[in-house]
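Written out below as structure tokens is the structure these notes cover.
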Number of protein chains: 2
Amino acid sequence: MSIQARRERERAERERAIVAAARELAESEGWDAVTTRRLAAEIEYSQPVLYSHFKGKGAIMAAVAVEGCGDLAAELAAARAAATDPRQAVADMARAYVAFAERRPALYDAIFNLPVDLPFASKDAPVELARAFAELAETLRPVAGGDDLEAFTETFWSGLHGLVTLMRNGRLRRADHERRLAILVDRFTR
Amino acid sequence: MSIQARRERERAERERAIVAAARELAESEGWDAVTTRRLAAEIEYSQPVLYSHFKGKGAIMAAVAVEGCGDLAAELAAARAAATDPRQAVADMARAYVAFAERRPALYDAIFNLPVDLPFASKDAPVELARAFAELAETLRPVAGGDDLEAFTETFWSGLHGLVTLMRNGRLRRADHERRLAILVDRFTR
DNA sequence: GCAGATTGGCTAGCGGTGCTAGACTGCGAG
DNA sequence: CTCGCAGTCTAGCACCGCTAGCCAATCTGC
């Protein structure tokens with residue numbers, strides 16, 4: 001059974017390579033550059049091989065999104081751990097969130113913007129996403145007041161998400177970014 | 001010169017028809033269904049005609065977005081006019097905003113989500129957009145406190161936008177929508 | 001009134017997309 | 001040693017946004 005084991009190992013490795021290639025290509029040249037042909041060339045296999053691993057391009061993007069979610073969760077956790085004052089923690093977390101979105105726009109898009117069918121707000125949402133959400137929620141707990149923590153977190157998160165996406169699409173003047181972020185944090189922590 | 005006048009009139013009418021067709025098609029079947037071929041068939045002309053009116057598909061979408069912006073501005077104005085209490089006005093406006101996004105998702109996408117190069121936060125932004133923004137700003141003026149009104153408006157707007165987009169993409173549980181909206185309004189009006 | 005220039009629409013096609021049918025090849029089992 | 005089956009590839013489908021170049025209808029100047 002060792003041969004079959006090797007096969008499966010190689011197959012898993014190849015799957016990992018596909019996701020990695022998609023992620024790198026998206027981060028360096030944007031999602032428009034991520035085509036199935038290009039991806040196939042990158043992993044040095046033919047196009048149809050992709051479809052023996054994933055249902056379609058969307059599924060590959062979803063895999064990238066899940067991975068990226070893990071990264072986001074890690075960065076949020078780091079920001080939370082570094083802060084001492086609860087209010088400051090919220091500000092730092094917000095800053096970390098925005099920084100992530102700015103630094104890795106393609107990854108952020110995969111997670112939140114692109115129409116990639118991932119189960120999100122449900123039981124079988126990927127654990128990475130749940131972790132990211134939990135980091136946010138824990139940071140916000142001290143300032144949630146009487147509001148339902150989950151809804152409160154989602155609302156604050158929406159604020160961050162709105163700031164990030166509207167600014168990146170040129171819908172908001174970049175110059176006032178800091179000011180807007182400060183207003184959002186202030187209004188949710190006072 | 002009457003013949004030329006008729007020509008220009010017909011040409012303008014055809015341009016209007018293109019935008020209308022794009023809008024209707026997008027609203028009924030989504031932007032994916034809006035292809036140049038389909039659009040051409042809809043207006044009963046050949047494909048290249050579209051390019052004698054618009055630089056490309058993006059420009060057509062931009063035209064739809066500008067039109068939609070006018071609609072949004074009108075609905076926000078109506079909501080503001082109907083309210084008496086300043087705090088209630090903010091809540092009503094928020095509700096109107098969300099309702100617009102829910103009722104006409106394709107239009108909302110054209111305005112805010114799709115990578116359509118429109119000048120937004122600049123001098124030559126379309127007047128329709130400026131109107132919509134001004135409606136928001138005027139409603140928020142009484143509750144902005146010491147914050148810069150423009151930045152404050154943008155921040156609140158981002159909150160609404162985040163709620164709308166995250167919910168529509170399935171990133172937020174629909175059930176808690178009202179609760180989240182209430183939290184957002186509350187935090188920005190207290 | 002007629003030849004020539006110009007306009008405006010069309011057909012056809014280019015290079016790309018996501019995805020798949022069907023041929024082929026090389027390995028493991030009998 | 002042969003057969004059957006996985007696994008991979010080539011080739012191609014239907015579609016996309018966009019454009020070159022033809023062709024007919026119209027306007028212009030003689």
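Each chain gets a letter, A, B and so on, in the order its sequence line appears, and its residues count up from 1.
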Show the atom names and distances, to 0.1 Å, of all donor-acceptor pairs under 3.5 Å that link a side chain in residues 16-23 of chain A to residues at least two apart or in another chain.
| from | atom 1 | to | atom 2 | distance (Å) |
| --- | --- | --- | --- | --- |
| A:Arg16 | NE | A:Glu13 | OE1 | 3.4 |
| A:Arg16 | NH2 | A:Glu13 | OE2 | 3.4 |
| A:Arg23 | NH1 | A:Glu67 | OE1 | 2.6 |
| A:Arg23 | NH2 | A:Asp71 | OD2 | 2.3 |

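- The six-membered or imidazole ring of A:Phe156 lies away from that of A:Tyr97, with a centre-to-centre distance of 6.0 Å or more.
- Nearest nucleotide to the side chain of A:Tyr51, out of D:dT8, C:dC10, C:dC19: C:dC19.
- Applying the side-chain hydrogen bond (donor to acceptor under 3.5 Å, both in side chains) test to A:Thr189 and every residue at least two apart in sequence or in another chain returns nothing.
- Spacing between atom NZ of B:Lys55 and atom P of D:dC18 amounts to 8 Å, rounded to whole angstrom units.
- Between the NE2 atom of A:His53 and the P atom of C:dT20 there is a distance of 16 Å, rounded to whole Å.
- Partners of A:Asp32 under the side-chain contact (heavy atoms from CB on, under 4.5 Å) rule, at least two apart in sequence or in another chain, do not exist in this structure.
- To the nearest angstrom, P of D:dG17 lies 13 Å from CG of B:Leu114.
- D:dT19 atom P lies 12 Å from atom CG of B:Leu50, rounded to whole Å.
- Rounding to whole angstrom units, CZ of residue B:Arg11 and C1' of C:dG9 are separated by 11 Å.
- With sequence neighbours excluded, the residues satisfying side-chain contact (heavy atoms from CB on, under 4.5 Å) with B:Asp147 are A:Ile183, A:Arg187, B:Phe152.
- Sorted by residue number, the members of residues 36-48 of chain B with any non-hydrogen atom under 4.0 Å from DNA chain C read B:Arg37, B:Tyr45, B:Ser46, B:Pro48.
- Picking from C:dG18, D:dT8, D:dC16 the nucleotide with the shortest atom distance to the side chain of B:Thr35 gives D:dC16.
- Distance CD (B:Glu10) to P (C:dG9): 10 Å, rounded to an integer number of Å.
- The NZ-P distance, from A:Lys57 to C:dT17, rounds to 9 Å in whole Å.
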Scan the side chains in residues 72-84 of chain B for donor-acceptor partners under 3.5 Å anywhere in the protein, sequence neighbours excluded, and list what turns up.
| from | atom 1 | to | atom 2 | distance (Å) |
| --- | --- | --- | --- | --- |
| B:Glu75 | OE1 | B:Arg103 | NH2 | 2.7 |
| B:Glu75 | OE2 | B:Arg103 | NH2 | 3.2 |
| B:Arg80 | NE | B:Glu135 | OE1 | 2.8 |

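- Residue A:Arg14 has no polar side-chain atom (N or O) positioned under 4.0 Å from OP1 or OP2 of D:dG7.
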